[in-house]
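Encoded as structure tokens, the structure appears first; notes follow it.
Ligands are counted one by one from 1 in listed order, and the atoms in each one are counted from 1 as well. Along the sequence shown, residues are numbered consecutively beginning with 1. None of the values given here were measured: they were computed from a predicted structure.
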Amino acid sequence: MLIRGQTLSFAANPFRAPPGDSLRHNRRGAVRVEDGRIGAVAPADALLPRPGEAVVEMGEALLLAGFIDAHVHYSQTRIIASWGARLIDWLNRYTFPEEARFADPAYAAEVAQDYLALSLANGITSASVYCTSHPASVTALMEAARPLGLRLAAGKVMMDRNARPDLLDSAERGHDETQALIARWHGVERLEVAITPRFAPTSSPAQLEAAGALWAAHPACPMQTHLSEQPEEIAWVAELFPDAPDYLGVYERFGLAGPGAIMGHAIHLTPRERAALAETGSGIAHCPTSNSFIGSGLFDAGLAADIPVGLATDVGGGSSFSMLRTMAAAYEIGQLRGRALHPAQLLWLATQGAAEVLRWGDKIGNLEAGREADILALDLASTPVIAQRAARAEDLWEQIFPTIMLGDDRAIAGLWVAGRKLR
Ligand code: GUN
Ligand code: ZN
């Protein structure tokens, strides 16, 4: 199959190279898809259909890699947009009661379907997902994702203290249930199991130690947790772990830092923590709509020059399933920190940047020969206000930026997962 449109591929990391020069663009381009992979990306007049090959004409639409959501809680789909609370209060008032409902596997299956439909409608073809502490909540998501052919990491939340009793496991149970899920799902087609200690306040030292031992035994699994999201949370961690040098130090002590670690938020970092993230090769999930919605703070996206950083919706702390809206929020937070993120940098965070955080950087995230064919077609004139601004564009970036700032699911003109058209 050939898909024709404007093609966009990264040639370099736009946080390290001049952003405007970091991409390859064909105004009239074509992508060849064969056996679920990208066979070639080239100008359309250099990539002609073979006899019998199907041609999908996407016109002026922008073809790029599917979006990757580096941190999302599918179990919070039903409580998105819950009013009036900061992190700890929000967890207790809205999140934990909702997560308790996932004791019912039928409920988990229903929400998993809705979550995947919402993600796909927004051009998200891959994600790193938090489930709940119930192992069946992971199985429900895996069973919903598998027939779609999605590349997905998901984990059972490990939490053994400081939450309602019906959500708590124990150090041993959290370990054993996660291990059983790894045996069942890790490496099944494109599915991976993420080791998922929720965050330091809801895990005892014994549970963090068990999580570290599990990761050492299964180093190919991603490991996801939350780090330095709100000042009150950071103060609580300091009380709970008085011997640790700082928040990240707690995770480091238990072997929970390194390549494949996905630290959600990581807003209020000390210079030591920044250096340690870079030295250990840990990654960060930047969750801009969540960081403003829960009132957490202004993440410094400049860290992406030294640390793998991916963009994330963080639903339901995050207030949107749209990766375009999430890019817009990242832009606005950048502005408040004095850094106007270039459109190429925003697109990087939502694709190749997130792929690198998940150690999928050679598989997905870029429209390039050899990659798995997770492809997104963006309509760059999807609403009247976007169309009239894009019509004034003087270069490619001015053509794309209105869709980043103003676009939503109406901009998703087409979506292929491993070469199969899903929208
Ligand atoms: N910290 C611990 N759990 C959570 C969660 O579910 N959402 C967010 N935003 N932060 C957390
Ligand atoms: Zn989160």
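- Checked against the Zn ion (ligand 2), the N, O or S atom of Asp314 at the shortest distance is OD1.
- Donor-acceptor pairing under 3.5 Å is recorded for the side chains of Ser204 and Asp160.
- Looking only at atom types and distance, the side chain of Glu229 has no donor-acceptor partner in the side chain of Asn291 under 3.5 Å away.
- For Glu233, no heavy-atom contact with ligand 1 is shorter than 4.0 Å.
- A heavy-atom separation below 4.0 Å is not found between Tyr130 and ligand 1.
- His71 and Gln224 share no donor-acceptor pair across their side chains, judged by distance under 3.5 Å alone.
- At the Zn ion (ligand 2), the angle from NE2 in His226 to NE2 in His71 is 100° when rounded to 10°.
- For the pair Asp314 and ligand 1, the shortest N or O to N or O distance falls below 3.5 Å.
- In this structure, Glu398 places its CD atom where more than 12 heavy-atom neighbours from other residues, nucleotides or ligands lie under 6.0 Å away.
- Taking the six-membered ring for Trp, His134 and Phe102 have ring centres at least 6.0 Å apart.
- With a 4.0 Å cut-off on non-hydrogen atoms, Phe96 does not touch ligand 1 at all.
- Close contacts of ligand 1 with His265, meaning ligand atoms under 4.0 Å from a residue heavy atom, involve 9 (N).
- With a 4.0 Å heavy-atom cut-off, ligand 1 is reached by no atom of Thr202.
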